[in-house]
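Residue numbers run from 1 in the order of the sequence given. Side-chain atoms are counted along with the backbone in the values below, which use heavy atoms only and exclude waters and symmetry mates.
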Amino acid sequence: MDASEDVIPHIYYLAAAVALLPLFLKMRSIIRARHESLLRVVSLLLIMAFLVLASAAPQSIALINRTTGVANIAAPWVYSLLTAFSACCLLMLIAWRDGISPAASRAMRSVIVVYSLVIVALWVLFALGDPDVERLRDFDTYYANEPYLREMIMLYIVAHTVADIVNFVLLRSWEHRVRHVDAWLRAGLLLMGAGYITTLGFNGLKLAAVVGRWSGHDLDWLSTRAAPLLGAAGSIVIGAGFLIPHAGQAAHEFWRAGLRHRRLLPLYRLLKQHVPAGPSTLVGKPDIHTSLTIREKEIRDSLYILAPYLDHELHRRARRAVLDPDPVLGEALGRRFAPREAEGVAGAVALVAAIAARAEDPGRGAEWRSPDNLLRDVEAVSRALRRPDTVETVHRNVAARPESTPTAWNDTPAP
């Protein structure tokens with residue numbers, strides 16, 4: 001026990017900081033989505049994990065005892081927090097797995113009632129006991145044979161163990177019942193399962209140390225050295241398991257928005273330079289999702305301004321030329337293009353030609369028609385604009401050919 005005196009506090013405080021770190025990292029998202037009940041419960045779960053770990057450190061136990069003036073009162077406090085954390089895990093998993101249903105509501109009410117009674121019983125047993133000697137690290141084993149305190153210790157271990165077992169069974173049944181889950185949810189389920197197995201190890205070590213005292217053996221090191229490591233790790237892994245599906249999905253959406261924002265940059269710059277649609281009235285620095293929405297809106301507004309100058313026949317011929325190039329164009333392009341790439345190149349050709357036509361005669365233009373069908377995939381058009389040589393080559397090749405019979409406006413791309 002002495003060898004771990006300097007290590008155990010750091011383990012608890014480090015684990016507590018790790019439990020709280022996701023809340024700080026996701027604070028902006030949590031505030032923005034504060035009406036999402038699932039996210040609120042996950043945040044509460046992480047806060048509970050932080051309180052359990054921060055309160056269980058020996059220095060924190062001494063501070064609680066000294067502040068209240070009651071020897072060892074930190075013991076029922078920490079046990080109550082741990083019991084509440086177990087109940088929160090059960091409630092979270094039931095709500096997450098079964099949603100809001102009559103059966104789920106009944107199960108959640110049962111959990112609240114049972115674990116509330118457990119917490120009340122912990123304090124009653126502590127009040128009936130006689131914990132006069134302050135124990136900062138080995139309360140469980142030191143008072144393992146004391147009336148009432150013995151029952152209090154066993155009660156919190158059993159309550160925590162039952163919650164871990166039930167949660168693990170619920171997880172396993174969920175995985176077998178739901179065959180198709182996304183990668184983030186599967187990762188969360190695996191982490192939670194690992195966390196519950198780890199905390200079961202924590203309970204097992206605590207129980208072994210207490211039973212060892214009953215049989216006259218000194219196994220205190222299981223409770224004071226080994227168990228804290230498993231308890232801290234298990235709490236963090238469980239909290240991460242609940243957080244990862246939401247955080248992972250949010251990160252995935254952030255990545256996709258950022259990627260599309262970057263991919264639209266060539267088209268945005270070209271239109272901003274030649275067909276500006278007016279500045280945005282947004283105040284402050286927008287997040288990536290808002291910035292993407294603004295960029296898409298400005299692109300769309302500029303395309304609508306440019307719509308009368310778009311040559312639909314040129315677009316159709318350019319698409320056909322790229323999909324089925326003649327030997328000269330095929331050699332100039334150097335490779336075959338997929339249908340989406342061909343659509344993007346054709347759109348870029350029509351767009352560049354329209355910008356040039358508008359610059360030559362701003363008041364000309366044909367009858368206004370929506371550009372949506374012509375430039376339906378603005379990301380592919382923007383990607384094609386990264387290869388101006390290809391766009392110019394196709395434009396020159398198509399412009400040199402005699403025009404064929406125009407097709408209808410709603411001509412759709414070749415599959």
- Task: With sequence neighbours excluded, tell me which residues meet side chain to side chain contact (heavy atoms under 4.5 Å, CB included) with Thr393.
- Result: Leu329, Ala332, Arg396
Counting N and O atoms only, with roles assigned by atom type, does the side chain of [X] sit under 3.5 Å from a partner on the main chain of [Y], one being a donor and the other an acceptor?
| X | Y | answer |
| --- | --- | --- |
| Arg263 | Glu379 | no |
| Ser60 | Ala54 | yes |
| Ser173 | Val169 | yes |

Which atom of [X] lies closest to which atom of [Y], heavy atoms considered:
| X | Y | result |
| --- | --- | --- |
| Leu205 | Ala227 | CD1-N, 3.7 Å |
| Phe50 | Ala16 | CD1-O, 3.3 Å |
| Trp77 | Ile64 | CD1-CD1, 3.6 Å |
| Thr141 | Val210 | CG2-N, 4.5 Å |
| Val398 | Ala321 | CG2-CB, 3.9 Å |
| Tyr13 | Gln59 | OH-CB, 3.6 Å |

- May I ask you to decide if the ring planes of Tyr79 and Tyr156 are parallel, tilted or perpendicular, using 30° and 60° as cut-offs? parallel
- Indicate the ring-plane relationship of Tyr143 and Phe139, choosing parallel, tilted or perpendicular according to the 30° and 60° boundaries. tilted
So do [Y] and [X] actually touch side chain to side chain, heavy atoms under 4.5 Å?
| X | Y | result |
| --- | --- | --- |
| Asp220 | Arg225 | no |
| Leu93 | Val166 | no |
| Ser86 | His160 | yes |
| Asn72 | Leu149 | no |
| Ile305 | Arg358 | yes |
| Met48 | Leu81 | yes |
| Tyr12 | Pro58 | yes |
| Val237 | Thr199 | no |

- Would Leu53 and Ile236 satisfy side-chain contact (heavy atoms from CB on, under 4.5 Å), going step by step from the backbone distance to the final call? CA-CA 10 Å; Leu53 294 166; Ile236 296 303; 3.9 Å; yes
Gap between atom [atom2] of [Y] and atom [atom1] of [X] - 0.5 Å precision:
| X | Y | atom1 | atom2 | result |
| --- | --- | --- | --- | --- |
| Arg213 | Asp138 | CZ | CG | 7.0 Å |
| His261 | Thr293 | NE2 | OG1 | 9.5 Å |
| Ile288 | Glu253 | CD1 | CD | 13.0 Å |
| Leu200 | Asp164 | CG | CG | 4.5 Å |
| Ile355 | Leu271 | CD1 | CG | 5.5 Å |
| Arg262 | Leu259 | CZ | CG | 5.5 Å |

Scan the side chains in residues 187-198 for donor-acceptor partners under 3.5 Å anywhere in the protein, sequence neighbours excluded, and list what turns up.
residue: Thr198; atom: OG1; partner: Ala194; partner atom: O; Å: 2.7

Salt bridge present between [X] and [Y] (N-O < 4.0 angstrom):
| X | Y | value |
| --- | --- | --- |
| Arg300 | Glu296 | no |
| Asp324 | Arg320 | no |
| Glu298 | Arg295 | no |

- Message: So if I apply the side-chain contact (heavy atoms from CB on, under 4.5 Å) rule between Leu270 and each of Leu351, Ile299, Val275, which one comes out positive?
- Response: Leu351
- Item | side-chain contact (heavy atoms from CB on, under 4.5 Å) evaluation trace for Leu303 with Val378 | CA-CA 10 Å; Leu303 290 177; Val378 291; 4.0 Å; yes
- Message: Enumerate the salt bridge (charged side-chain N to carboxylate O under 4.0 Å, His left out) contacts for residues 202-212, please, sequence neighbours excluded, ordered by first and then second residue.
- Response: Asp140-Lys206
- Task: Decide side-chain contact (heavy atoms from CB on, under 4.5 Å) for Leu136 and Asn65; before the verdict, give the C-alpha distance in whole Å, the side-chain angles of both, and the deciding distance to 0.1 Å.
- Result: CA-CA 10 Å; Leu136 301 181; Asn65 294 338; 4.2 Å; yes
- More than 12 non-hydrogen atoms from neighbouring residues, nucleotides or ligands closer than 6.0 Å to CZ on Arg386, yes or no? yes
- Query: Does atom CZ of Arg340 have more than 12 heavy-atom neighbours from other groups under 6.0 Å away?
  - Reply: yes
- Task: Check whether the side chains of Asp287 and Thr290 place a donor and an acceptor atom closer than 3.5 Å, and report yes or no.
- Result: yes
- Do we get Arg335 above Phe337's six-membered ring, with its NZ or CZ under 6.0 Å from the centre and within 45° of the axis? yes
- I would like to know whether Arg135 and Ile61 meet side-chain contact (heavy atoms from CB on, under 4.5 Å); could you show each step before the answer? CA-CA 9 Å; Arg135 310 301 300 182; Ile61 292 174; over 6 Å; no
